[in-house]
Amino acid sequence: MPSLTLPECPRYFAPPPTQQDLDFADLAIIDLSKAHTPEGRAELASQLRDALRTNGFVYAINHGYTQAQCDRMFDIADVPFTAVPPEEIEIYTTDSEKVGYFAGYKPHRYWKLDAENDVWDQIEQYTMNHIVTKRPHPQALRPFLPFLDAFARHNHFNILHPILRLIALSLELPEETLVVKHTLEGEGEATVRFMKYHRRTEEEEEMSKNVWLKGHTDFGTVTVLWSQPIGGLQILSSDGKWRWIRHIDNALVINTGDMLDFLTGGFYKPTIHRVVQPPQDQRPCDRLGAFYFVSPDDDVRLLPLAHSPVLQRVGIERRWPDDEAPLAGAWRKERSSSYGRVALTKGSENTEEEVIEGVVVKHYN
């Protein structure tokens, strides 16, 4: 059935949320409509601080999109995977290992999840720069570029920037401290990304122990996930247990990444998370995800915000001497190139490691 909004595209219908009794993470919910006043921002800043310091994940509601707009976005998110012929997919496929960024398609079986058992991912993804017209797109997606441009800008200005202002306030810094490091016009690779997790065979599930994307941290500042009903996302809690993320209609799930850790001197740690096989009552379905992955402008040096009164009180973790700290663009390129492609070394129990810019990056089995 086509959508009622022009230009038309087929409707994407997700199954209802799981009815299984799962061990869900207890995450805070922040109301972004309160961010329009100084009083509201002061209230949200402390709430966000506690949530990110506890779990590293938080829900956000009242972000400015209606349920109808959210549904329309998921309709369009499915287009790259259902309406583009294979020969055109090949044209718009990018080898992130070579170029150091994600753009266009990443095919299935590109990331090696388990070298010992030869297990590869079954994730197809389509990525657009935050300036969606920066690179060309398949024919089927071109009619939707005005919507996608508005979607990218909404994520950047109406979600990301308010969150960055709250983080700055939580550090007792001027509100625009982090905003000026994440501009729309600056050179960088903040991205809109659509991901299709395809079902796997029983043999693949057995070899991977039902893990679809092993535990990792995101390499950017924050990640914005548009909540969708098919389960699978889990976070590693402080007690060492993996807990499921519950779906909330028209909500966002926001988590911290490596670069926020660097910029805040370890005050906000990157969140360890993974994707596993969906619950039993959702397994006949492929899992469609929509994200806004955020990195600072490429020329931002990843130094701690040492002038923060909060960081001065609690102490600052420095990953490098100040004169050796890499630029955001260098960290992004190395992380994008290496993920799922380089051989990892065995770390402590249930971890594998690689070294990027002198920092040990862990992957969790």
Side-chain angles (χ1 to χ4, degrees), residues 22-32 44-61 63 155 159-160 162-171 178 182 190 193 211 213-228 231-248 251-276 289 291-296 302 304-305 308 310-311 314-317 319 328 331-332 335 339 350-351 359-365:
L22 303 174
D23 186 9
F24 287 106
D26 183 19
L27 302 183
I29 302 174
I30 64 168
D31 183 350
L32 285 180
L44 291 179
S46 60
Q47 187 182 4
L48 182 65
R49 177 201 61 213
D50 294 344
L52 295 184
R53 295 265 287 171
T54 302
N55 289 308
F57 265 71
V58 66
Y59 293 109
I61 60 172
H63 46 72
N155 276 274
I159 298 168
L160 169 63
I163 291 293
L164 294 179
R165 291 186 181 103
L166 297 178
I167 292 173
L169 287 173
S170 76
L171 299 172
L178 287 166
H182 298 75
R193 185 178 303 168
V211 175
L213 193 62
K214 63 186 173 184
H216 64 283
T217 60
D218 292 342
F219 61 74
T221 317
V222 296
T223 300
V224 179
L225 162 67
W226 289 72
S227 186
Q228 53 82 40
L233 178 60
Q234 295 181 333
I235 64 171
L236 185 60
S237 300
S238 57
D239 61 3
K241 293 182 179 180
W242 291 100
R243 288 188 166 85
W244 297 77
I245 300 298
R246 188 191 305 273
H247 168 65
I248 299 177
L252 309 173
V253 183
I254 297 172
N255 67 273
T256 52
D258 295 344
M259 293 198 218
L260 187 63
D261 177 30
F262 303 151
L263 291 170
T264 65
F267 189 77
Y268 288 118
K269 302 291 188 186
T271 314
I272 301 163
H273 55 287
R274 68 179 185 179
V275 178
V276 299
F291 304 80
Y292 192 59
F293 285 95
V294 178
S295 296
L302 297 175
L305 299 166
S308 160
V310 172
L311 300 189
V314 302
I316 297 173
E317 295 179 16
R319 301 304 185 94
W331 180 261
R332 169 186 57 76
R335 285 281 265 136
Y339 186 82
N350 295 327
T351 67
V359 173
V360 175
V361 175
K362 294 185 177 183
H363 303 261
Y364 300 79
N365 293 324

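What you see is a predicted model; the values in this text were computed from it and never measured. The basis for the numbers below is simple: all heavy atoms, side chains too, and nothing from hydrogens, waters or symmetry mates.
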Take Asp23 and Lys241 through the test salt bridge (Lys or Arg N to Asp or Glu O under 4.0 Å) and record every step on the way to the result.
CA-CA 10 Å; Asp23 186 9; Lys241 293 182 179 180; 5.7 Å; no

### Task
For side chain to side chain contact (heavy atoms under 4.5 Å, CB included), just list the numbers for Ile30 and Ile163, CA-CA rounded to whole Å, side-chain angles, deciding distance to a tenth of an Å, and then say yes or no.
CA-CA 10 Å; Ile30 64 168; Ile163 291 293; 3.8 Å; yes

Show your reasoning for whether side chain to side chain contact (heavy atoms under 4.5 Å, CB included) applies to Asp261 and Thr217. CA-CA 11 Å; Asp261 177 30; Thr217 60; over 6 Å; no

Note to self: Quick one, Trp331 with Val359, criterion side chain to side chain contact (heavy atoms under 4.5 Å, CB included). Give me CA distance, side-chain angles, the key distance, then yes/no.
What the structure shows: CA-CA 10 Å; Trp331 180 261; Val359 173; 4.1 Å; yes

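To the nearest 0.5 Å, the span separating CG on Leu164 from OG1 on Thr221 amounts to 7.0 Å. Of the inter-residue distances, the one linking Leu178 atom CG with Arg165 atom CZ reads 11.0 Å to the nearest 0.5 angstrom. Rounded to the nearest 0.5 Å, atoms CG (Leu252) and CD1 (Ile29) are 11.5 Å apart. Here CG of Leu305 is found 6.5 Å from CG of Leu171. Values are rounded to the nearest 0.5 Å.
No more than 12 heavy atoms of other residues, nucleotides or ligands sit less than 6.0 Å from atom CZ of Arg246.
Side-chain N or O atoms of Ser237 include none that pairs as donor or acceptor with a backbone N or O of Asp239 at under 3.5 Å. A distance-only check finds a donor-acceptor pair linking the side chain of His216 to the backbone of His273 [under 3.5 Å]. Within the 3.5 Å criterion, the main-chain N or O of Gly220 finds no donor-acceptor partner in the side chain of Asp218. At least one donor-acceptor pair closer than 3.5 Å links the side chain of Asn55 to the backbone N or O of Asp26. Of the possible polar contacts, none joining the Gln234 side chain to the Ala25 backbone as a donor-acceptor pair under 3.5 Å is found. The main-chain N or O of Ser227 is never found under 3.5 Å from a side-chain atom of Tyr59 such that the two would form a donor-acceptor pair.
Annotation: side chain of Leu233 is in contact with side chain of Leu225 (closest heavy-atom distance under 4.5 Å). Looking only at side-chain heavy atoms (C-beta outward), Trp226 and Asn155 come within less than 4.5 Å of each other. The closest side-chain heavy-atom distance from Thr271 to Thr223 is not below 4.5 Å. Residues Tyr268 and Ser170 meet the side-chain proximity criterion, which asks for heavy atoms closer than 4.5 Å. At a threshold of 4.5 Å between non-hydrogen side-chain atoms, the residues Leu48 and Leu169 do not count as touching.
Minimum heavy-atom separation, Gly240 to Leu236: O-CD1, 3.5 Å. Residues Leu213 and Arg274 share a closest heavy-atom pair of O-CB, 3.1 Å. Scanning both residues, Ala28 and Val58, for their nearest heavy atoms gives O-CG2, 3.3 Å. Looking at every heavy atom in both residues, Pro296 comes nearest to Met259 through CD-SD, 3.3 Å. Between Thr54 and Asp50, the shortest heavy-atom contact is OG1-O, 2.6 Å. Here the shortest heavy-atom pairing between Tyr292 and Ala190 reads OH-CB, 3.8 Å.
Looking at Asn255, Ile272, Leu27 one by one, the single match for side-chain contact (heavy atoms from CB on, under 4.5 Å) with Ile235 turns out to be Leu27.
With hydrogens and angles left out, the side-chain atoms of Ser295 and Arg332 include no donor and acceptor closer than 3.5 Å.
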